[in-house]
Amino acid sequence: SQTIHQWPATLVQPVGSPLSLECTVEGTSNPNLYWYRQAAGRGLQLLFYSVGIGQISSEVPQNLSASRPQDRQFILSSKKLLLSDSGFYLCAWSVAGIGLNSPLHFGNGTRLTVT
Amino acid sequence: QKEVEQDPGPLSVPEGAIVSLNCTYSNSAFQYFMWYRQYSRKGPELLMYTYSSGNKEDGRFTAQVDKSSKYISLFIRDSQPSDSATYLCAKRASGGYNKLIFGAGTRLAVHP
């Protein structure tokens, strides 16, 4: 069966510090991968998605970037965090395929607090 | 207007009640819908997905889609305290790659 891992679970970082959140998927090959952010009391906002190694699409201009160095690894980064980057960051995967209506499966998220 | 609208609640019901959770959507393209359950400090968990008008059942859960009204619902029968969570509706977004647009979520509390 497929599993998705995210770490760390909780992170407190000062403004201006760098960020690296990692997500890995097991039990599937060539998945689509996604980073979402969830602000308190709000829905999930898609930040980035990837359909293959090195292929990253950004949905929202922001202070963050994403990379996919391996097939089942997805990394969210920032060079300098802002207060507004605080939130709950969720990684997800789905079966690949442009036309497929495949559901997304989420990890348990990283709660980031920028102080 | 947001593409997917959901009443944030909170909704409080007694154990055993029938719960109705609702969302509306504005874009008729890519009418593929999902319901997720999210416990506090956890990632969303897929409950059901559907693309057909009408009802789809899975145990105590029923997903209903009314495409003429652009209205989707999730019904929970015989609600349990373990159903207390935030419920998120989602619709496939345009542009492919299985991207989803989410409602804000409805917080549900089922009390014994």
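This is a predicted model, so every value here is computed, not measured. Every chain is numbered from 1 and lettered A, B, ... according to where its sequence line falls, protein lines coming before strand lines.
Hydrophobic cluster membership differs between B:F30 and B:F33, with clusters built from Ile, Leu, Val, Met, Phe, Trp and Tyr side chains linked at under 4.5 angstrom. Taken together through direct or relayed side-chain contacts under 4.5 Å among Ile, Leu, Val, Met, Phe, Trp and Tyr, A:L112 and A:L83 form part of one hydrophobic cluster. Two different hydrophobic clusters hold A:I56 and A:I75 under the rule that ILVMFWY side chains link at heavy-atom gaps under 4.5 Å. In the hydrophobic clustering of this structure, B:L11 groups with B:L47; members are Ile, Leu, Val, Met, Phe, Trp, Tyr whose side-chain heavy atoms approach within less than 4.5 Å, directly or through other members. If you chain together hydrophobic residues whose side chains sit under 4.5 Å apart, A:V15 and A:Y89 fall into the same group.
Interface remark: B:Y36 contributes side-chain atoms only to the contact with chain A (heavy atom separation under 4.5 Å). Of the atoms belonging to B:L100, heavy atoms from both backbone and side chain fall under 4.5 Å from chain A.
Annotation for A:F88 and B:Q38: closest pair CE2-NE2, 3.7 Å, computed over non-hydrogen atoms. Closest non-hydrogen pair, A:F106 versus B:P44, comes out as CB-O, 3.5 Å. Between B:K99 and A:Y36, the closest heavy-atom pair is C-OH, 4.3 Å. The minimum heavy-atom distance linking A:P103 with B:L46 is given by the pair CB-CD2, 3.5 Å. Shortest non-hydrogen contact noted between A:L104 and B:M34 is N-SD, 4.2 Å.
Residue B:Y49 qualifies as open at atom OH: its count of foreign heavy atoms under 6.0 Å is 12 or below. Within 6.0 Å of the OH atom in B:Y51, the count of heavy atoms belonging to other residues, nucleotides or ligands does not exceed 12. Heavy atoms from other residues, nucleotides or ligands lying under 6.0 Å from NZ of B:K42 number 12 at most.
For A:R72, the side chain to side chain donor-acceptor pair (under 3.5 Å) test picks out no residue, with sequence neighbours left out.
Within the 3.5 Å criterion, the main-chain N or O of A:S94 finds no donor-acceptor partner in the side chain of B:N98.
Sorted by first and then second residue, the disulfide bond (SG atoms under 2.5 Å apart) pairs involving residues 66-112 of chain B (not counting sequence neighbours) are B:C23-B:C89.
Residues of residues 44-51 of chain A having a heavy atom under 4.5 Å from any heavy atom of chain B, listed by number: A:L44, A:L46, A:Y49, A:V51. Using a 4.5 Å cut-off between non-hydrogen atoms, no part of residues 69-84 of chain B approaches chain A.
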